[in-house]
Amino acid sequence: MSDPPSPSLDFIRAKVAEDLKTNKHQGRVVTRFPPEPNGYLHIGHAKSICLNFGIAAENEGGVCNLRFDDTNPIKEEAEYEESIKRDVRWLGFDWEDRLFYASDYFDQLYQYAVQLIQKGKAYVCSLSAQDIREYRGTLSEPGKDSPYRTRSVEENLKLFEGMRAGEFEDGSHVLRAKIDMASPNLNMRDPTLYRIRQVPHHRTGDKWLIYPMYDYAHSLSDSLEGITHSLCTLEFEDHRPLYDWVLDELNLDSHPQQIEFARLNISYTVLSKRKLLELVKEGHVSGWDDPRMPTLSGLRRRGYTPEVIRNFCEQIGVAKRDTVISVALLEHHLRDDLNRHSPRVMAVLRPLRVVIENYPEDQEEELEAVNNPEDPAAGSRKVPFSRVLYIEQEDFREDPPKKFYRLAPGREVRLRYAYFVKCVDVVKDEKTGEVVELRCTYDPATKGGSSPDGRKVKATIHWVSAAHSLQVEVRLYDRLFVKENPEEGGADFRDSLNPDSLVTLTSCRVEPSLKGAQPGSRYQFERQGYFCVDSVDSTPEAPVFNRTVTLRDSWAKIEKQNQQSKK
RNA sequence: UCGGGGAUCGUCUAAUAGGCAAGACAGCGGCCUUUGGAGCCGCCGAUCCAGGUUCGAGUCCUGGUCCCCGAGCCA
């Protein structure tokens with residue numbers, strides 16, 4: 001790697017660079033990504049993953065650990081652990097042999113707790129949870145000491161051992177740090193270090209009946225792993241004094257620097273594991289990997305590439321003010337990547353039958369079509385043409401509005417890669433008046449799409465040959481919420497769910513080259529958008545396509561303006 | 001009310017000793033086009049407020065205002 005003029009470092013990278021310069025950590029850069037295995041990773045986690053693994057990769061010899069923060073057995077599951085590993089790998093990062101678990105440190109953590117008790121810095125408190133809350137005081141009033149605060153070291157040691165040995169019920173005792181009940185920082189008012197939880201842990205089984213709390217386990221896990229920079233989100237800012245307190249009281253040489261940054265928010269969605277879990281549990285989506293979910297598994301199934309997410313995370317930057325990133329920026333990176341890499345293909349979502357009256361009934365031919373105009377190396381393919389075709393219903397208007405350039409009675413347009421066709425008649429359903437078929441003529445001289453006489457058409461539309469096309473299911477996804485901030489004004493996010501976030505179309509027609517398309521493969525349906533083969537519900541006989549994102553649609557914009565100016 | 005943070009175009013991020021407020025997205029307009037896609041060109045548009053220091057302040061000082069986080073035996 002070269003060392004180009006670094007554009008401008010975010011405040012965290014600047015701090016890392018400075019620490020390197022002053023040799024604060026003996027030239028080491030060690031970060032970690034510490035998920036709790038209690039849900040699926042979402043794009044907010046991707047920001048943290050890119051930051052932590054990114055900083056490690058940018059610095060000579062830097063490494064980033066993957067560590068599961070599995071200190072609460074009642075919320076955590078092995079299923080989540082697997083999904084997290086899969087998602088981090090998919091994003092393109094590698095923890096090599098550095099897969100760790102807070103639960104691996106339980107023995108060590110217990111020993112440290114004993115040390116704190118011996119130092120008189122921790123005690124067993126036998127107040128009820130409610131009493132502890134009351135003794136804590138409020139934001140503006142100091143708390144008061146627990147009556148158990150003055151227990152002797154011997155008694156504390158004995159009780160703590162009893163907690164570990166299962167002599168006490170859940171909730172009867174906790175181990176607390178002895179700090180300052182009058183601290184203006186509530187986290188320092190004798191925080192709980194250990195609680196009794198007589199439940200099996202998905203990794204340690206029934207070995208432990210007491211489990212360490214986050215602040216205690218996290219700081220020590222970081223220290224044990226020799227982390228140099230412990231990056232977390234803003235809500236932990238108030239916890240930093242406690243993080244430092246634990247390491248200082250234990251006199252540990254390895255004392256990582258906790259640095260906080262703003263978590264990611266994106267418009268028209270929610271990014272919190274709790275809320276996403278509710279969407280799953282309440283059936284508003286089909287699962288954690290529903291293509292409308294902002295989870296990495298959902299985005300992957302939707303058709304996102306890891307590059308899109310990495311580029312997005314790089315561009316949004318890292319800072320401390322809380323922000324809401326426009327979903328349009330994410331979609332910009334999505335279209336940018338998909339445009340350059342997706343093969344083009346013709347697909348008709350809502351078919352309208354077209355008969356080319358002057359094209360011989362028994363004739364068919366193959367036309368050359370470019371696979372990707374952005375990538376000459378992608379080559380070309382043949383698409384079959386015949387007398388009966390399907391075009392998009394919305395590409396025809398019997399009474400075309402201003403600026404509508406597509407097909408209309410008497411109007412000539414180009415069928416992409418095929419011929420100029422002119423609409424000569426419209427067939428309607430006698431009862432409903434609905435347009436059911438178009439009668440057209442074609443100009444044999446315009447084969448391939450250009451006219452020898454130089455006449456122009458204003459529109460090019462896509463089509464498929466009726467007899468050759470494949471019928472497929474297409475799922476049209478749109479944003480999950482109708483409001484930029486689904487919780488605007490304290491509203492329940494469920495109230496702003498978009499009822500049209502999924503529209504399923506079952507009579508779509510695609511060109512035959514899509515036969516055998518592999519699950520997960522991505523295409524641009526010309527003039528429509530980017531689609532990928534659903535990796536869950538597709539079968540070779542019945543493929544399902546997910547719409548990843550639409551193409552930018554300037555006609556839709558014009559039409560919207562027309563409608564608004566009419567009002 | 002106490003403690004901890006944060007305020008720069010509509011949105012996000014820059015401005016690295018106090019020295020022309022920059023880029024991206026969005027929007028708008030144009031060019032081009034066998035995708036009303038892509039691409040190209042242009043336009044619009046910001047330093048929370050009030051004082052102060054200075055030749056010069058987004059940056060330093062003083063005083064305000066507004067927003068976020070915090071009272072789990074969650075992380």
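All chains are named by letter (A, B, ...) in the order of the sequence lines, taking the proteins before the strands, and each is independently numbered beginning at 1.
- Glu81(A) pairs by the side chain to side chain donor-acceptor pair (under 3.5 Å) definition with Tyr101(A), His202(A), not counting sequence neighbours.
- Within 6.0 Å of atom NZ in Lys15(A), more than 12 heavy atoms from other residues, nucleotides or ligands are found, so the atom counts as buried in its surroundings.
- Computed from coordinates, the Arg263(A) CZ to rC67(B) P distance equals 21 Å when rounded to whole Å.
- As a whole-Å value, the separation of Glu134(A) CD from rC73(B) C1' is 15 Å.
- As judged by a 4.0 angstrom heavy-atom cut-off over every strand, Lys273(A) is placed among residues making no nucleic acid contact.
- One P atom belongs to rA57(B), the other to rA21(B), and the distance between them is 11 Å to the nearest Å.
- Between Arg240(A) and rG3(B), a side-chain N or O to OP1/OP2 separation shorter than 4.0 Å is absent.
- For the OP1/OP2 pair of rA75(B) and a distance below 4.0 Å, the side-chain nitrogens and oxygens of Thr71(A) include at least one atom meeting the criterion.
- For rG37(B), one of the phosphate oxygens OP1 or OP2 lies less than 4.0 angstrom from a side-chain nitrogen or oxygen of Ser554(A).
- Distances shorter than 4.0 Å separate none of the side-chain N or O atoms of Arg195(A) from OP1 or OP2 on rG72(B).
- Within 6.0 Å of CD on Glu169(A) lie no more than 12 heavy atoms contributed by other residues, nucleotides or ligands.
- If you check every strand for non-hydrogen atoms under 4.0 Å, Val370(A) touches nothing.
- In rG72(B) the O4'-C1'-N dihedral to the base is within 90° of 0, which defines a syn nucleotide.
- If you check every strand for non-hydrogen atoms under 4.0 Å, Val457(A) touches nothing.
- Counting any heavy atom pair closer than 4.0 Å across all strands shown, Glu141(A) reaches no nucleic acid atom.
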Dump every N/O contact between nucleotides 22-24 of chain B and the protein below 3.5 Å, one line per pair.
| residue | atom | partner | partner atom | Å |
| --- | --- | --- | --- | --- |
| rA24(B) | O2' | Gln315(A) | NE2 | 2.6 |

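- Heavy-atom distances under 4.0 Å link RNA chain B to no residue of residues 217-225 of chain A.
- Salt bridge annotation for Glu237(A)-Lys320(A): present, with a cationic side-chain nitrogen under 4.0 angstrom from a carboxylate oxygen.
- Backbone-only engagement by Glu237(A) is indicated by non-hydrogen atom pairs under 4.0 Å involving sugar-phosphate atoms exclusively.
- Nucleotide rG36(B) holds its P atom 13 Å from the CG atom of Leu407(A), rounded to whole Å.
- At a threshold of 4.0 angstrom between heavy atoms, the contacts of Tyr194(A) with the nucleic acid are absent.
- As judged by a 4.0 angstrom heavy-atom cut-off over every strand, Arg552(A) is placed among residues touching the sugar-phosphate backbone only.
- A donor-acceptor contact under 3.5 Å links the side chain of Gln524(A) to the base of rU35(B).
- Between Lys21(A) and Glu18(A) there is no salt bridge, since no side-chain N of the basic residue sits under 4.0 Å from a carboxylate O of the acidic one.
- A donor-acceptor contact shorter than 3.5 Å is absent between the side chain of Asn372(A) and the backbone of Ala378(A).
- Between the P atom of rC25(B) and the CG atom of Asn311(A) lies a distance of 13 Å, rounded to the nearest Å.
- Taking atom CD on Glu526(A) and atom P on rU33(B), their separation rounds to 18 Å, with Å as the unit.
- Among the atoms of the strands shown, only primed sugar atoms or phosphate atoms (P, OP1, OP2) are found under 4.0 Å from some heavy atom of Thr460(A).
- Residue contacts shown for Leu338(A) are absent, as no nucleic acid heavy atom lies under 4.0 Å away.
- Contact annotation for Leu139(A): base contact, defined as any heavy-atom pair under 4.0 Å involving a base atom.
- Between the side chain of Gln130(A) and the base of rG72(B) there is no donor-acceptor pair of N/O atoms closer than 3.5 Å.
- Taking the ring centroids of Tyr216(A) and Tyr194(A), they lie under the 6.0 Å cut-off.
- Listed pair Arg189(A) / rG72(B) fails the phosphate criterion, with no side-chain N or O lying under 4.0 Å from OP1 or OP2.
- In this structure, Lys47(A) atom NZ and rC12(B) atom P are separated by 11 Å, rounded to whole Å.
- Comment: Glu225(A) does not engage Arg32(A) in a salt bridge, judged by the lack of any side-chain N to carboxylate O separation of less than 4.0 angstrom.
- On a pure distance criterion of 3.5 Å, a polar donor-acceptor pair joins the side chain of Arg406(A) and the base of rG36(B).
- OP1 or OP2 of rC28(B) sits under 4.0 Å from a side-chain N or O of Lys557(A).
- For Phe385(A) and Tyr419(A), the distance between ring centers is under 6.0 angstrom.
- Position along RNA chain B of the nearest nucleotide to Arg527(A) versus Asp69(A) favours Arg527(A) as the more 5'-ward residue.
- Judged by closest nucleotide on RNA chain B, Pro184(A) is the one of Lys403(A) and Pro184(A) placed further toward the 5' end.
- A tilted orientation is assigned to the rings of Phe100(A) and Tyr105(A), their planes being inclined by 30° to 60°.
- Proximity of Arg133(A) to the phosphate of rG72(B): a side-chain N or O atom is located under 4.0 Å from OP1 or OP2.
- When heavy atoms are screened at a 4.0 angstrom cut-off, Phe236(A) is found touching base atoms of the nucleic acid.
- Contacts of Glu314(A) classified as side-chain contact (heavy atoms from CB on, under 4.5 Å), with partners at least two apart in sequence or in another chain: none.
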Using Watson-Crick and G-U wobble pairs whose two distances are both under 3.5 Å, how do you write the pairing of RNA chain B as dot-bracket, with | for links to another strand? .((((((..((((.....[..)))).(((((.......)))))....(((((..]....))))))))))).....
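- Following rounding to the nearest Å, Asp336(A) (CG) and rG37(B) (P) show an atom-to-atom distance of 16 Å.
- Of the charged side-chain nitrogens involved, at least one lies within less than 4.0 Å of a carboxylate oxygen, so that Arg455(A) and Asp443(A) count as a salt-bridged pair.
- Between the C1' atom of rU13(B) and the CD1 atom of Ile325(A) lies a distance of 9 Å, rounded to the nearest Å.
- OP1 or OP2 of rC73(B) sits under 4.0 Å from a side-chain N or O of Arg136(A).
- Within a heavy-atom distance below 4.0 Å of RNA chain B, the residues of residues 35-42 of chain A found are Glu36(A).
- For Arg397(A) and Glu559(A), the salt-bridge test passes: some basic side-chain N is under 4.0 Å from an acidic carboxylate O.
- Counting non-hydrogen atoms under 4.0 angstrom, Leu415(A) reaches nothing in the nucleic acid.
- Counted within 6.0 Å of CZ on Arg151(A), heavy atoms from surrounding residues, nucleotides or ligands total more than 12; the atom is thus considered enclosed.
- Between Arg527(A) and Glu392(A) there is no salt bridge, since no side-chain nitrogen of the basic residue lies less than 4.0 Å from a carboxylate oxygen of the acidic one.
- No contact: Ser183(A) has no heavy atom under 4.0 Å from any strand.
- Remark: aromatic rings of Phe525(A) and Tyr530(A) are distant, center separation not under 6.0 Å.
- Looking at heavy-atom distances under 4.0 Å, Ile558(A) makes contact with a base.
- Ring pair Tyr110(A)/Phe160(A): centre-to-centre distance below 6.0 Å.
- Taking only distance into account, the side chain of Asp322(A) never meets the base of rG6(B) through a donor-acceptor pair shorter than 3.5 Å.
- Checked by distance alone, Ser326(A) brings no side-chain donor or acceptor within 3.5 Å of a matching partner on the base of rU11(B).
- The pair Asp104(A)-Arg203(A) meets the salt-bridge criterion, since a charged nitrogen lies less than 4.0 angstrom from a carboxylate oxygen.
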